[in-house]
Amino acid sequence: MTLFFLTTILISMILILVSFWLPLMNPSTEKLSPYECGFDPLASARLPYSMRFFLVAILFLLFDLEIALLLPTPWAIQLLSPTTALMWASIIIILLTLGFIYEWLQGALEWAE
């Protein structure tokens with residue numbers, strides 16, 4: 001047990017030291033910038049925003065939500081009526097698949113025109 005704790009502490013300390021040392025190796029203007037969004041913080045705030053980027057971000061959040069909704073399914077299968085849990089999981093997957101096909105056919109997933 002002592003060996004386990006010593007190994008854990010040693011690996012943690014190595015990772016902490018590497019995390020402080022590694023970013024300082026190659027500083028650039030992008031890394032030193034206080035913002036990570038890609039916009040110049042000193043420029044005008046009235047720049048046009050890419051709706052394609054916004055749509056892809058929303059679609060990513062939608063499909064990420066699918067994972068959160070389907071996460072309890074393995075535990076629900078162990079209930080007295082697992083068919084209900086499988087039915088709801090199937091409905092969620094079918095609705096999201098139909099939505100994905102609709103977005104694909106509408107051309108919303110095409111990044112370049």
Side-chain angles (χ1 to χ4, degrees):
M1 195 64 143
T2 306
L3 181 65
F4 173 74
F5 284 122
L6 287 176
T7 306
T8 304
I9 291 172
L10 179 69
I11 291 174
S12 298
M13 293 305 287
I14 289 172
L15 289 174
I16 289 171
L17 290 174
V18 167
S19 72
F20 282 116
W21 173 69
L22 206 62
L24 299 176
M25 288 180 62
N26 191 10
S28 65
T29 56
E30 295 298 323
K31 286 183 181 179
L32 297 175
S33 173
Y35 298 100
E36 297 178 0
C37 62
F39 295 111
D40 184 16
L42 302 176
S44 173
R46 303 286 183 231
L47 294 174
Y49 187 73
S50 172
M51 288 306 290
R52 291 244 184 239
F53 178 78
F54 180 73
L55 182 62
V56 169
I58 292 296
L59 288 173
F60 173 77
L61 289 175
L62 177 71
F63 286 103
D64 194 36
L65 180 66
E66 166 199 0
I67 294 170
L69 289 173
L70 294 176
L71 190 62
T73 304
W75 291 281
I77 290 175
Q78 298 174 1
L79 295 174
L80 296 176
S81 174
T83 55
T84 306
L86 289 175
M87 181 192 68
W88 283 110
S90 300
I91 289 172
I92 291 171
I93 290 174
I94 289 169
L95 282 174
L96 284 171
T97 304
L98 291 174
F100 181 70
I101 291 170
Y102 176 76
E103 292 290 332
W104 194 350
L105 292 176
Q106 292 295 319
L109 301 176
E110 298 294 327
W111 191 257
E113 300 281 335

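Note that the structure is a prediction, hence the values are computed from the model and not measured. Along the sequence shown, the residues carry numbers beginning at 1.
Between the CE atom of Met87 and the CD1 atom of Ile92 there is a distance of 10.0 Å, given to the nearest 0.5 Å. Between Thr7 atom OG1 and Leu10 atom CG the span is 7.0 Å, to the nearest 0.5 Å. Atom CD1 of residue Ile93 and atom CH2 of residue Trp88 lie 14.0 Å apart, to the nearest 0.5 angstrom.
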| side-chain contact (heavy atoms from CB on, under 4.5 Å) between Leu98 and Tyr102, intermediate numbers included | CA-CA 6 Å; Leu98 291 174; Tyr102 176 76; over 6 Å; no
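A heavy-atom distance below 4.5 Å is not found between the side chains of Leu96 and Phe100.
Not counting sequence neighbours, the partners of Thr84 by the side chain to side chain donor-acceptor pair (under 3.5 Å) test are Ser81.
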